[in-house]
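Contents: one structure, followed by commentary.
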Amino acid sequence: MKIKKRFALSALVLSAALTLGSFEFRALPVHAASVFSDSFESGSASNWTPTAGTWSVVQDGGSYVYYQSSTNEGRTSAGSASWTDYSVQADVKIEDFNGSNRAYVCARYTDGNNYYAASLSGSNGGTLEIRKKVGGSSSTLATKANFPLSTGTVYNVKLEVSGDTINMYVNNVLQLNAHDNNLTSGGIGLIAFKTKTKFDNVTVSTGGTTTPTPTPTVTPTATVTPTATPTATVSPTATATPVPTATPTVTPTATATPTATPVAGAIYVAPGGAAGNPGTLGSPTTLAAALTKVAPGGTIYMRGGTYTFSAPVTVERDNSGTSGQRKTIAAYGSEKPVLDFFAQSFASTERGLQIFGHYWHVKGLEVKGAGDNGIFIGGNYNIIENVETHHNRDSGLQISRYASSLSNIADWPSYNQIIGVYSHDNYDPDNGEDADGFAAKLTIGPGNVFDNCVAAWNTDDGWDLYTKSDTGAIGAVTIKNSIAYKNGQTSDGNSTADSDGNGFKLGGESIAVNHIVQNSIAYQNKKHGFTYNSNPGSIKMTNNTSWSNGQSNFAFDAGTHVFTNNLSFAGSSSDKTSGTDVSSTNVWWKNNASTNAKGLVASSADFVSLTPSVVRGSGGYISLGNFLKLASGSDLIGSGTPSGTNIGATFQ
């Protein structure tokens with residue numbers, strides 16, 4: 001198996017929080033060093049203790065590898081039971097997949113019934129998982145489907161464990177993150193579950209333990225008013241192209257038996273929690289109380305179930321983390337906390353979750369039913385990750401100044417990251433022209449990014465980056481790897497004559513702002529797919545696909561916009577493309593036909609499928625399957641710039 005012996009005996013691992021692709025996670029402590037390494041080049045596996053299966057050291061492509069050749073489960077382990085926080089990585093080559101078999105690289109391995117594992121399997125088009133086995137009972141902590149995996153291919157798999165944080169990397173790219181604290185120490189393991197698998201270049205690096213964050217000396221303010229029961233409920237309606245929503249787990253009570261040891265620096269809340277409780281796993285507190293107690297670097301874990309509120313949940317301006325120690329609100333394990341605001345009245349002051357502070361990280365929640373915005377961000381450097389917001393009575397998520405007295409752009413919200421968020425079925429009952437999926441408009445600063453997000457079935461626009469002359473230009477927004485579809489009405493048909501229905505609306509009132517839109521898709525929106533909306537600046541549009549929208553797929557009537565590798569097909573009106581066609585790499589739809597400056601032509605044969613399919617996985621990852629995927633043999637493959645780049649958007 002021709003695997004390079006590419007791991008040295010020492011390594012440096014960053015202590016700061018890492019932002020990799022779509023997520024931010026805590027890494028291992030500084031000065032990590034290799035404490036274990038085995039390349040099997042000695043021809044021996046004397047460091048290992050097999051307990052099941054058939055293990056041997058064999059040659060593969062000129063290298064010695066550790067081979068599990070049985071079709072039953074094979075397990076082997078090494079290392080020290082005292083290891084706590086470390087990373088283990090190995091090269092993994094699976095020889096067969098049958099849908100249910102897996103290969104594991106394990107950490108905190110005690111025996112065959114207790115360990116954490118980074119898992120590769122061939123199910124669902126290739127699946128990555130972080131799994132745990134405790135007392136013989138297995139469960140999945142995080143998963144990613146439709147990840148291409150092939151037999152006979154070598155994958156470098158790394159599993160990091162630090163405190164309650166578990167990260168999984170494949171080929172040095174962070175893929176999954178989870179939190180769990182059932183297992184605190186143990187060695188390493190390799191498992192081939194009913195598959196023949198070869199392992200090589202196993203390395204363990206460790207740097208010690210993390211010091212808990214002290215309790216803050218200043219108690220920040222918080223405003224939350226929960227109610228026992230909402231006065232009204234609205235059930236989401238399934239869409240024609242569904243994005244699955246996880247069903248909330250049974251609401252735990254304050255007297256529930258703890259299922260895990262509490263994590264240092266963590267505060268636990270539950271629907272049945274009490275403000276006077278200490279916030280332990282066995283005696284959870286309320287969200288309002290937790291917001292006043294959490295320290296920079298600390299985490300508020302929300303147990304699954306429905307939390308009902310009749311007033312906004314507010315993180316006040318004086319309640320912030322730091323650049324190195326964010327404050328976090330996260331779902332506990334795989335549970336689903338649902339923040340239900342249907343008891344609110346319809347009013348601009350009746351938002352759901354408001355974040356006026358800085359350096360917060362919110363992940364794994366569902367927010368619904370607010371009288372205005374579901375989530376409102378007025379602070380800086382916040383991350384909203386893997387959240388669903390829906391059936392609110394204004395935009396699902398909005399970024400704008402938190403106080404009308406802030407007239408300087410330097411005081412407007414900046415450098416926020418919206419990652420893996422699904423915003424749908426938002427509807428304002430007065431005129432239908434305000435409820436967008438995402439609104440980053442009117443008063444925002446620079447550096448705000450949307451990545452891997454979906455906006456669908458909102459009465460107004462998918463994205464709205466509107467500007468007004470009385471407040472002037474806003475900071476440039478980046479949108480990438482995102483999808484807008486079926487905007488202009490809700491999934492149950494609610495709409496108004498005032499509903500715009502654009503997929504991506506990128507301006508307003510002839511004010512120039514140079515936004516960036518990359519690798520994103522708009523389809524079957526009521527009006528335009530992508531529109532400059534009177535923004536006369538230089539919007540950079542790169543590798544986007546727009547199909548079958550109600551008017552133009554691309555509507556850029558004026559300005560000096562920069563177009564590269566964009567694909568338009570089957571729009572209801574001609575594209576307007578004022579600006580630069582970089583290297584003639586854009587395929588437009590004009591006069592009811594495909595056109596390109598160097599003769600490329602798009603047809604239905606260029607796509608594997610034009611049947612809409614958008615699936616959002618449990619980690620917020622988007623999969624389109626074959627929908628809008630370029631077919632083998634299409635002349636749009638590799639025809640972009642730089643040379644070899646495809647025309648249009650690409651989703652794995």
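Note that the numbering runs from 1 along the sequence shown for the chain. Scope of the values below: all heavy atoms of this structure, side chains included, with no hydrogens, waters or symmetry mates. A quick note: this is a predicted structure, and the numbers were derived from the prediction, not measured.
- Residues Tyr66 and Lys198 fail the side-chain proximity criterion, which asks for heavy atoms closer than 4.5 Å.
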Pair Trp48-Phe36, ring pair (Phe, Tyr, Trp, His ring centres under 6.0 Å): steps then yes or no:
CA-CA 11 Å; Trp48 297 84; Phe36 179 95; 5.7 Å; yes
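- Ring pair Tyr86/Trp83 is perpendicular by interplanar angle, where above 60° counts as perpendicular and below 30° as parallel.
- Counting all heavy atoms, side chain and backbone alike, Gly648 lies closest to Asn543 at O-ND2, 3.0 Å.
- Taking the six-membered ring wherever Trp is involved, the centroid distance between the rings of Trp589 and Phe554 does not fall below 6.0 Å.
- Glu129 has no carboxylate O lying under 4.0 Å from a charged side-chain N of Lys144, or vice versa, which leaves the two without a salt bridge.
- No hydrogens or angles considered: a donor-acceptor pair under 3.5 Å links the side chains of Asn549 and Ser546.
- Looking at Lys194 and Asp96, no side-chain N of the basic residue comes within less than 4.0 Å of a carboxylate O on the acidic one, giving no salt bridge.
- Between Phe40 and Phe199, the ring centre distance reaches or exceeds 6.0 Å.
- Ring centers of Phe450 and Phe438: under 6.0 Å apart, within the cut-off.
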Apply ring pair (Phe, Tyr, Trp, His ring centres under 6.0 Å) to the pair Trp547 and Phe627, showing each step before the final yes or no.
CA-CA 11 Å; Trp547 169 70; Phe627 175 49; 5.8 Å; yes
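- Partner Arg131 forms a side-chain hydrogen bond (donor to acceptor under 3.5 Å, both in side chains) with one of Tyr116, Tyr115, Tyr104 and no other, that one being Tyr104.
- Between Lys336 and Glu366, none of the side-chain N atoms (NZ, or NE/NH1/NH2) sits under 4.0 Å from a carboxylate O, so this pair counts as no salt bridge.
- The two residues Phe651 and Ser482 make their nearest non-hydrogen contact at CZ-N, 3.8 Å.
- In this structure, Thr545 and Phe530 approach most closely via the heavy-atom pair O-CE1, 3.6 Å.
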